[in-house]
Protein chains: 2
Amino acid sequence: MTNDQDQTSNPTAQPERFNQARAAQAVAILEDYAEMIGDLIEEMGEARITDIASRMGVTHPTATKAVARLKREGLAVSRPYRGVFLTEEGAALADRVRARHRTVVDLLVAVGVPLATAELDAEGLEHHVSDATLEAFDSFLAKSRKDQD
Amino acid sequence: MTNDQDQTSNPTAQPERFNQARAAQAVAILEDYAEMIGDLIEEMGEARITDIASRMGVTHPTATKAVARLKREGLAVSRPYRGVFLTEEGAALADRVRARHRTVVDLLVAVGVPLATAELDAEGLEHHVSDATLEAFDSFLAKSRKDQD
DNA sequence: TGGCAAGTAAAGCCAGGGCTACACTTCTGT
DNA sequence: ACAGAAGTGTAGCCCTGGCTTTACTTGCCA
């Protein structure tokens, strides 16, 4: 097991996985902000910087910076002193994120994690769940729901 | 549902979860490096900066910086031009990380994720799995293994 | 033993994501 | 109608974690 030729854990050719993990983390924040803005628009009709900031637990300049990134990425639009709105692309992202979050929480609960813990952990986990894994989660949930009946 | 007093998704009191996710990510890199150094020591008897760098997929200076952080945190020691070694604390951390990684991969596989995908996703996921969730994973795995028999 | 390759370190750059402090709009209430 | 409060924007700073370049050790080998 201390053999670096071992095929299941060959270490000499693994940097990609770390790179992928790093890249995933790079978009994580954007996803959170997009989702949050979507929530706010749905609830209040608009998303104000101050509201975004307080919900994200950051100061407003930080929120402003994040929104600037979203705008740069074409996910949001805003006019000075007006609310922030999602583009079509941004709204689609928010929807995807929301759905994924729900799936992750459901899966955690399905394998026995307490709901509160599941909600908390999902916030960090969800950004690293690949599409393939998400599909597997959905299948598993569908199956275990069927088994329950 | 546009009511911000709703208890299941009360948004005005949720910043902590984001803060927790951010904090988790802060130690993620350290964990990866500690684990990698542990692997290298086990395999080659010592961990050289160059080896660490190539396995992590970064340049040497980046690895040097990371090792400096590990030393600052009391997880590793090193002397110039000699290898890097883990302190007791660092070794314990590496073991925990390794065990957690295995559990996460196993759980993913257990719910139907292909092994290769599981390995890849686990790298990002593992750092966000709380102790409580990890326990739940272990229980689930124990149960499903028993069911298999 | 002298020189060169490999390993290591240090410095300086970038971007991201926090922060505080301060300036400026917008809104609101008298 | 205007002043002050609330909201927003901007500047400048810190730290992390990448990067490249450059300089210095070390150690090995001819």
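Below, each value reflects all heavy atoms present in this structure, side chains not excepted, and no hydrogens, waters or symmetry copies. Note on naming: letters A, B, ... go to the chains in the order of the sequence lines (proteins, then strands), and numbering restarts at 1 for each one.
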Using the side-chain contact (heavy atoms from CB on, under 4.5 Å) criterion, which residues pair with B:Glu46? Sequence neighbours excluded. B:Arg48, B:Phe85
Separation of D:dT16 atom P from B:Met56 atom CE, nearest Å, is 17 Å
Which residues pass the side chain to side chain donor-acceptor pair (under 3.5 Å) test with A:Glu31, not counting sequence neighbours? A:Arg100, A:His127
Sugar-phosphate atoms are those with a prime plus P, OP1 and OP2; base atoms are the rest. Using that split, label each nucleotide of nucleotides 5-12 of chain D B, S or - for protein heavy atoms under 4.0 Å, 5' to 3'. --BBBBB-
My understanding is that only residues two or more places apart in sequence, or in another chain, count here; which of them pass side chain to side chain donor-acceptor pair (under 3.5 Å) with B:Ser130? A:Asp121, B:Thr133
Apart from A:Leu115 itself, its cluster of hydrophobic side chains linked below 4.5 Å comprises A:Val105, A:Val109
Counterpart residues, side-chain contact (heavy atoms from CB on, under 4.5 Å), relative to B:Arg145 (two or more places apart): B:Asp106, B:Leu141
Distance, rounded to the nearest Å, where A:Ile52 contributes CD1 and C:dG18 contributes C1': 17 Å
